[in-house]
Asker: 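The structure under discussion is supplied below as structure tokens; questions concerning it will follow.
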Amino acid sequence: MALLPILQYPDARLHTVAKPVKEIDARVRQLVDDMLETMYEAKGVGLAATQVNVHERIVVIDTSEERNDALVLINPEIIQASADMIVWEEGCLSVPTIYDKVERHAKIRVRAQNRNGEVYEFDGEELLGVCVQHELDHLLGKVFVEYLSPLKRNRIKTKMVKRTRDEEA
């Protein structure tokens, strides 16, 4: 397994729309393993392939307290979403140290394939539901800060650009 570099906002590659996975083979399973290792090392609860500059519809999530209940979502789709909404404070491994409130569907039903290519469905609400919606946004080329006001978004962009410049200096 290997740790993968995580793209940082406002990197333009974060806006790439991911393509469906055609075949779940050894390469995809290795990517899933590397993504899980990267997510756990970064202390995240979710990671989309887009964030590691792989533009395929793959997401890994683990919202468990013990960090031992990983979900692998290949070609995920939300097949049902409640009309009820929930506001949740979100963060993102691609926008480190930035947290803000985002409105999401309170409950969702998701269909995906696991690492063996088997199709499964599950319901998500609260942290799991928010996390799935957040990660699926990444697959569409959208970062959570895009839900914020233009003023907040510009402040975050300026802060992230400055941080990247300082780290490279």
Side-chain angles (χ1 to χ4, degrees), residues 1-19 21 24 26-76 78 86-102 104 108 110 112-115 122 124-148 152-153 155-169:
M1 297 207 299
L3 290 176
L4 304 169
I6 299 172
L7 298 178
Q8 302 285 301
Y9 181 80
D11 192 308
R13 295 171 292 181
L14 288 168
H15 299 294
T16 305
V17 176
K19 295 184 177 359
V21 175
I24 300 172
R27 178 193 65 82
V28 170
R29 285 189 285 278
Q30 182 63 55
L31 175 60
V32 164
D33 291 343
D34 293 346
M35 286 173 62
L36 283 165
E37 183 179 0
T38 302
M39 177 188 72
Y40 287 129
E41 179 69 23
K43 311 263 188 288
V45 294
L47 185 67
T50 302
Q51 293 176 272
V52 294
N53 201 28
V54 176
H55 304 288
E56 296 179 79
R57 293 188 58 79
I58 303 170
V59 166
V60 295
I61 291 174
D62 189 343
T63 57
S64 69
E65 288 287 325
E66 301 79 26
R67 312 293 288 141
N68 64 353
D69 192 20
L71 278 174
V72 174
L73 290 75
I74 300 173
N75 296 323
I78 295 173
I86 185 172
V87 174
W88 203 273
E89 187 165 85
E90 296 186 27
C92 181
L93 295 176
S94 291
V95 196
T97 72
I98 304 294
Y99 300 89
D100 215 316
K101 291 178 171 52
V102 176
R104 303 278 188 183
I108 57 170
V110 181
Q113 291 171 277
N114 65 19
R115 62 180 298 120
F122 66 94
E125 56 187 306
E126 297 193 347
L127 179 57
L128 177 59
V130 166
C131 187
V132 169
Q133 291 172 79
H134 175 112
E135 298 308 332
L136 268 57
D137 273 354
H138 278 300
L139 299 180
L140 297 173
K142 189 169 187 175
V143 181
F144 90 98
V145 297
E146 293 171 47
Y147 287 99
L148 307 178
K152 278 187 177 180
R153 196 168 46 246
R155 284 184 178 158
I156 291 167
K157 186 183 284 188
T158 301
K159 185 176 187 175
M160 295 300 297
V161 167
K162 182 182 183 316
R163 181 183 301 161
T164 301
R165 208 177 305 124
D166 291 348
E167 288 171 0
E168 290 173 354

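The structure presented is a predicted model; accordingly, all values stated were derived computationally and were not measured.
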Asker: For the residue pair L140 and V17, what are the closest heavy atoms and their distance?
Answerer: O-CG2, 3.6 Å

Asker: Hey, does the side chain of T38 reach the backbone of L4 with a donor-acceptor pair shorter than 3.5 angstrom?
Answerer: yes

Asker: Tell me whether the count of non-hydrogen atoms from other residues, nucleotides or ligands lying under 6.0 Å of CD in E89 goes above 12.
Answerer: yes

Asker: Are the side chains of Y147 and H134 in touch, meaning some heavy atoms are under 4.5 Å apart?
Answerer: no

Asker: Would the distance check show the side chain of D137 and the main-chain N or O of K142 forming a donor-acceptor pair, the cut-off being under 3.5 Å?
Answerer: no

Asker: Do D34 and Q30 pair up side chain to side chain, a donor and an acceptor below 3.5 Å, judged on atom types alone?
Answerer: yes

Asker: Taking only Lys NZ, Arg NE, NH1 and NH2, and the carboxylate oxygens of Asp or Glu, determine whether D166 and K162 approach each other closer than 4.0 Å.
Answerer: yes

Asker: Of the non-hydrogen atoms in G129 and I108, which two are nearest, and what is the gap between them?
Answerer: O-CD1, 3.7 Å

Asker: Please check if the number of heavy atoms outside R67 that lie under 6.0 Å from its CZ is greater than 12.
Answerer: yes

Asker: When you compare the side chain of E90 with that of C131, does any pair of heavy atoms fall below 4.5 Å?
Answerer: no

Asker: Measuring from atom CZ of R163 to atom CD of Q8, what distance do you get when rounded to the nearest 0.5 angstrom?
Answerer: 7.5 Å

Asker: Between L73 and F122, what is the shortest heavy-atom contact and its length?
Answerer: CD2-CZ, 3.9 Å

Asker: Are the side chain of E37 and the backbone of D33 linked by a donor-acceptor contact shorter than 3.5 Å?
Answerer: no

Asker: Hey, are the side chains of P5 and N53 touching, using non-hydrogen atoms and a 4.5 Å cut-off?
Answerer: no

Asker: Hey, could you give me the CG/OG distance between L71 and S64, rounded to the nearest 0.5 Å?
Answerer: 9.0 Å

Asker: Would you give the length of the straight line joining atom CD1 of I98 to atom OH of Y9, rounded to the nearest 0.5 angstrom?
Answerer: 10.5 Å

Asker: Check whether any side-chain N or O of R153 sits under 3.5 Å from a backbone N or O of E146 as a donor-acceptor pair, and report yes or no.
Answerer: yes

Asker: Surrounding OH of Y99 (heavy atoms of other residues, nucleotides or ligands, distance under 6.0 Å), is the total greater than 12?
Answerer: no

Asker: I24 and R29: side chain to side chain contact (heavy atoms under 4.5 Å, CB included), yes or no, with the steps?
Answerer: CA-CA 7 Å; I24 300 172; R29 285 189 285 278; 3.8 Å; yes

Asker: Side chain of D62, backbone of N68: donor and acceptor closer than 3.5 Å?
Answerer: yes

Asker: Does the side chain of F144 reach to within under 4.5 Å of the side chain of V130, using non-hydrogen atoms?
Answerer: no

Asker: Hey, are the side chains of H138 and C92 touching, using non-hydrogen atoms and a 4.5 Å cut-off?
Answerer: yes

Asker: If you measure from CD on Q51 to CG on L139, what distance do you get to the nearest 0.5 Å?
Answerer: 9.0 Å

Asker: Below 4.5 Å, heavy atoms only, C-beta onward: do S94 and L14 meet side chain to side chain?
Answerer: yes

Asker: In Å, rounded to the nearest 0.5 Å, how long is the span from CD of E56 to CG of N75?
Answerer: 9.0 Å

Asker: Closest approach of L93 and M39, non-hydrogen atoms and distance?
Answerer: CD1-CA, 4.5 Å

Asker: Taking all non-hydrogen atoms of both residues into account, name the closest pair between K101 and L148 and its distance.
Answerer: O-CD2, 3.8 Å

Asker: Which heavy atom of A112 sits nearest to which heavy atom of P76, and what is that distance?
Answerer: CB-CA, 3.9 Å

Asker: Less than 4.5 Å apart, any side-chain heavy atom of V60 and any of V32?
Answerer: yes

Asker: How long is the straight-line distance from CD of Q113 back to CD1 of I58, given to the nearest 0.5 Å?
Answerer: 10.0 Å

